[in-house]
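Computed from a predicted structure; not experimentally measured.
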Amino acid sequence: MTIKRILHATDFSPASRRAFDMARALARAFKAELIVVHAWERAVPITGEGYIPPALVQDLWKSTREHAEKRLARLLAGARRDGVRMRPSLVEGPPASAIVRAAR
């Protein structure tokens with residue numbers, strides 16, 4: 001069997017970390033590229049009757065994306081020592097559909 005790429009979707013949870021370790025081991029065994037995907041959604045904060053300026057919402061989205069990029073980079077940096085080829089992929093949208101799009 002030839003496996004060229006393995007996709008691992010992460011939410012950075014402890015359970016996802018264990019799955020990442022297994023995906024890394026499989027990628028090493030098959031000499032495959034490991035694509036690590038994190039999906040994030042643009043949430044709109046709900047404040048009841050309050051008003052949230054659009055600029056503040058944009059800042060929130062930017063901060064959320066930057067935080068996800070940093071966590072993804074940290075996850076891969078700590079795991080690159082074993083020689084597995086890894087590629088981060090940060091995708092936007094509802095996780096289920098965004099991960100399916102990334103797999104395609």
Side-chain angles (χ1 to χ4, degrees):
M1 174 185 338
T2 301
I3 296 176
K4 294 180 182 179
R5 283 181 296 282
I6 296 172
L7 184 131
H8 167 70
T10 184
D11 62 0
F12 307 116
S13 68
S16 182
R17 179 58 196 229
R18 285 197 305 268
F20 173 70
D21 292 340
M22 169 126 350
R24 220 172 72 223
L26 287 169
R28 187 178 327 111
F30 287 103
K31 295 180 178 26
E33 177 184 31
L34 178 57
I35 303 166
V36 183
V37 176
H38 176 74
W40 72 285
E41 288 188 84
R42 291 183 186 231
V44 177
I46 298 174
T47 63
E49 299 298 319
Y51 170 75
I52 300 174
L56 183 59
V57 174
Q58 292 290 332
D59 287 346
L60 174 67
W61 289 341
K62 180 181 177 194
S63 174
T64 300
R65 181 178 176 85
E66 288 172 351
H67 181 70
E69 287 171 344
K70 286 178 186 172
R71 290 199 66 183
L72 198 53
R74 246 183 299 160
L75 179 65
L76 270 63
R80 287 195 195 275
R81 289 179 235 119
D82 58 9
V84 174
R85 292 177 297 130
M86 289 183 274
R87 178 170 33 121
S89 178
L90 184 60
V91 293
E92 183 182 339
S97 57
I99 293 164
V100 169
R101 277 194 321 272
R104 287 189 183 130

Ser89 vs Val91, side chain to side chain contact (heavy atoms under 4.5 Å, CB included): CA-CA, chis, key distance, verdict | CA-CA 6 Å; Ser89 178; Val91 293; 3.7 Å; yes
To the nearest 0.5 angstrom, please state how far the CD atom of Gln58 sits from the CG atom of Leu60.
-> 9.5 Å
State the NZ-CZ distance between Lys70 and Arg74, to the nearest 0.5 angstrom.
-> 8.5 Å
For Glu69, all residues meeting salt bridge (charged side-chain N to carboxylate O under 4.0 Å, His left out), sequence neighbours excluded | Arg65
Is there a chain of hydrophobic side chains (I, L, V, M, F, W, Y, each step under 4.5 Å between heavy atoms) that links Leu7 to Leu90?
-> no
For the atom pair CG (Leu76) and CZ (Arg71), what is the distance rounded to the nearest 0.5 Å?
-> 13.0 Å
Apply salt bridge (charged side-chain N to carboxylate O under 4.0 Å, His left out) to Arg42 and list each qualifying residue two or more places apart in sequence or on a separate chain.
-> Glu92
Acceptor/donor pairs from residues 19-39 side chains to any protein atom, 3.5 angstrom cut, sequence neighbours excluded:
unit_1: Asp21; atom_1: OD1; unit_2: Arg17; atom_2: NE; d: 3.3
unit_1: Asp21; atom_1: OD1; unit_2: Arg24; atom_2: NH1; d: 3.3
unit_1: Arg24; atom_1: NE; unit_2: Asp82; atom_2: OD2; d: 2.8
unit_1: Arg28; atom_1: NH2; unit_2: Asp82; atom_2: OD2; d: 2.8
unit_1: Glu33; atom_1: OE1; unit_2: Arg87; atom_2: NH2; d: 3.4
unit_1: Glu33; atom_1: OE2; unit_2: Arg87; atom_2: NE; d: 3.0
unit_1: His38; atom_1: ND1; unit_2: Thr10; atom_2: O; d: 2.8

